[in-house]
Amino acid sequence: MIRKFALLATGAALLVACGGANEEAAAAKAKATQDSIAAVEKAAQEEAIRLQKADSALKAAADTLTKAVDATTDAAGQAVEEAKKAAH
């Protein structure tokens, strides 16, 4: 009976010992996965910020271009009016 108990205890100890290593490996993999997810989230946030800045710069450039076109159109219209007055 003692031999059976010793055999079962040894088997249980081996199971626990082997399971412990697997648990440690699983915990290490889980930590690595969490770290990877955090890194991806940080990179995504940084990219979103860069895209917002680029969007703002493009909007500012579009506004500047619109103002330049409006000013050029106004100047051309005035030039045409002055040319008509000079022709008459």
Side-chain angles (χ1 to χ4, degrees):
M1 181 75 171
I2 294 175
R3 283 185 183 177
K4 288 182 182 178
F5 180 74
L7 183 62
L8 288 173
T10 303
L14 286 172
L15 181 62
V16 169
C18 290
N22 288 337
E23 289 175 16
E24 290 174 7
K29 286 180 183 179
K31 175 71 171 128
T33 301
Q34 288 174 340
D35 292 346
S36 294
I37 290 170
V40 168
E41 287 175 344
K42 182 179 178 184
Q45 290 172 348
E46 291 172 353
E47 185 64 21
I49 291 169
R50 279 193 289 272
L51 288 173
Q52 287 173 346
K53 288 179 180 179
D55 184 55
S56 295
L58 287 173
K59 285 179 181 177
D63 289 344
T64 301
L65 184 59
T66 299
K67 289 176 184 176
V69 168
D70 289 345
T72 302
T73 302
D74 290 344
Q78 289 175 358
V80 168
E81 291 298 321
E82 290 176 12
K84 285 181 182 178
K85 286 180 186 177
H88 291 265

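Residue numbers run from 1 in the order of the sequence given. Side chains are part of it too, since the values below use all heavy atoms of this structure and drop only hydrogens, waters and symmetry mates.
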Name each donor-acceptor pair under 3.5 Å that joins a side chain in residues 68-86 to protein atoms two or more places apart or in another chain, with its distance.
residue : atom : partner : partner atom : Å
Thr72   : OG1  : Ala68   : O            : 2.8
Thr73   : OG1  : Val69   : O            : 2.7

Open item on the list: Between Asp35 and Lys31, is the salt bridge (Lys or Arg N to Asp or Glu O under 4.0 Å) condition met? List the steps.
Closed with: CA-CA 6 Å; Asp35 292 346; Lys31 175 71 171 128; 3.0 Å; yes
TODO: Would you list the pairs meeting salt bridge (charged side-chain N to carboxylate O under 4.0 Å, His left out) in which at least one residue belongs to residues 38-51, sequence neighbours left out?
DONE: Glu47-Arg50
Open item on the list: Closer than 4.0 angstrom, basic N to acidic O: yes or no for Lys59 and Asp55?
Closed with: yes
